[in-house]
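Working notes, structure below.
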Amino acid sequence: MTLLNVVNLKKYFPIRKGLFGRIVGYVKAVDNVSFSISENEVFSLVGESGSGKTTVARCILKLYDPTDGKIIFEGKDITRLKGKDLKDYRRKVQAVFQNPFLSLNPRMRIADIVAEPLLAHMKMSRNEARKTAIDVLERVGLSASLARRFPSDLSGGQAQRVAIARALALKPKLIVLDEPTSALDVSVQAQILNLLEDLSREYKLSYLLISHDLSVVRYISDRVGVMYLGNIVEDAPTEVLFESPLHPYTQALLSAVPEPDPSLKKLRKRIMLPGEPPSSINPPKGCRLHPRCPRVMDVCSREEPPLIEVGEAHKVKCWLYAKK
């Protein structure tokens with residue numbers, strides 16, 4: 001069953017100039033993005049910096065108001081929610097950010113940090129909220145003895161577990177994970193990923209994962225969307241995408257992943273795209289990759305390709321796979 005459905009999402013940021021702030025253009029950070037997340041599914045968005053991944057996540061979290069499009073959660077368009085309905089949505093959709101030390105209040109004790117959303121959303125006394133907070137901290141692998149400490153007393157892994165506990169306390173249905181392991185040591189990353197997997201199964205959670213680390217994406221994801229310059233160019237089940245990437249940009253992205261065993265005879269051929277990504281202020285007409293694409297055709301510069309279904313749950317935005 002579909003939990004979240006993003007339909008033709010756009011987010012443009014105005015560029016202002018002059019004394020009176022006249023709008024002279026727009027940064028098209030997200031431009032016509034569509035995807036869905038099912039219940040108990042992990043969906044990842046990958047792509048280079050500036051592709052629009054985090055902007056999509058912030059629109060879903062209602063930190064940004066979309067310029068256009070719909071974000072449908074449990075059958076309701078959340079872009080129009082206000083008051084009590086918006087508060088209920090915020091309880092069901094939580095977030096874990098990249099740097100836990102920036103997302104945790106340094107002046108609050110750990111138990112109070114986890115209890116704060118409970119007091120805001122649930123009819124609980126302060127003592128009940130603190131008790132629930134300690135239970136959740138223990139569930140994410142932290143000792144109750146840490147409850148009275150401050151974030152500065154914790155390691156990076158412990159602080160990220162606190163952030164996960166805070167998100168988990170309200171029993172959400174969707175958690176947005178924005179680079180949740182990139183600030184951690186490799187050994188700690190593995191522990192956090194295993195914890196997230198366990199919690200997903202136990203609480204039947206869905207995740208939207210934003211990450212640059214393709215090994216993390218492959219380990220934890222059920223499905224992956226690849227973004228380039230504000231568009232999703234390929235959307236497929238994880239193993240299908242990693243074993244048989246179709247879009248030239250996806251192929252180049254995956255070819256940059258180092259081979260863990262250099263003794264293998266069949267090493268993935270490195271694909272280098274020429275030039276730099278174009279500006280999102282004035283993106284190319286037609287396919288946005290066409291100025292850099294090694295397989296460009298005449299139609300690529302004239303018309304934007306649709307997101308074409310080429311297999312079961314596998315979509316690609318490329319004229320190479322359009323029906324002739």
Supply the atom-to-atom distance [X] [atom1] to [Y] [atom2], rounded to the nearest 0.5 angstrom.
X    : Y    : atom1 : atom2 : value
S155 : Q160 : OG    : CD    : 10.5 Å
Y249 : H247 : OH    : NE2   : 10.0 Å
L320 : R295 : CG    : CZ    : 4.5 Å
L174 : E41  : CG    : CD    : 10.5 Å

| Sidechain N-carboxylate O distance under 4.0 Å for D88, K84 |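 No.
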| request: Taking all non-hydrogen atoms of both residues into account, name the closest pair between R109 and A147 and its distance. | output: CB-O, 3.8 Å
Test [X] against every option in [options] by the side-chain contact (heavy atoms from CB on, under 4.5 Å) rule and name the one that passes.
X    : options          : value
I232 : N32, V316, L45   : L45
I110 : V162, I134, D153 : V162
I164 : V114, I192, L137 : I192

| said: Can you tell me which residue among D31, T67, D68 is in a side chain to side chain donor-acceptor pair (under 3.5 Å) with Y12? | reply: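 Answer to the side chain to side chain donor-acceptor pair (under 3.5 Å) test with Y12 among D31, T67, D68: D31.
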Within 6.0 angstrom of [X] [atom1], more than 12 heavy atoms from elsewhere:
X    : atom1 : result
K70  : NZ    : no
R201 : CZ    : yes
N282 : CG    : no
E276 : CD    : no

For the residue pair [Y] / [X], report whether a side-chain donor-acceptor contact shorter than 3.5 Å exists.
X    : Y    : value
S34  : N8   : yes
S125 : N127 : no
Y207 : D222 : no
H212 : E48  : no

Distance-only, no hydrogens or angles: does the [X] side chain make a donor-acceptor pair with backbone N or O of [Y] under 3.5 Å?
X    : Y    : answer
D185 : S187 : no
R161 : V140 : yes
T250 : L246 : no
S200 : L196 : no
S206 : S38  : yes
E39  : L3   : no

| With sequence neighbours left out, what residues match Y26 under ring pair (Phe, Tyr, Trp, His ring centres under 6.0 Å)? | none
| query | With a distance cut-off below 6.0 Å to the six-membered ring centre and an angular limit of 45° from the axis, does K76 pair with F73 as a cation-pi contact? | reply | no
| field | Results of side chain to side chain contact (heavy atoms under 4.5 Å, CB included) for R90 - residues two or more places apart only | value | K62, L86, H121
| task | Tell me whether Y228 is reachable from L214 by hopping between hydrophobic residues (I, L, V, M, F, W, Y) whose side-chain heavy atoms are closer than 4.5 Å. | result |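 Per the 4.5 Å side-chain linkage, L214 and Y228 are co-clustered.
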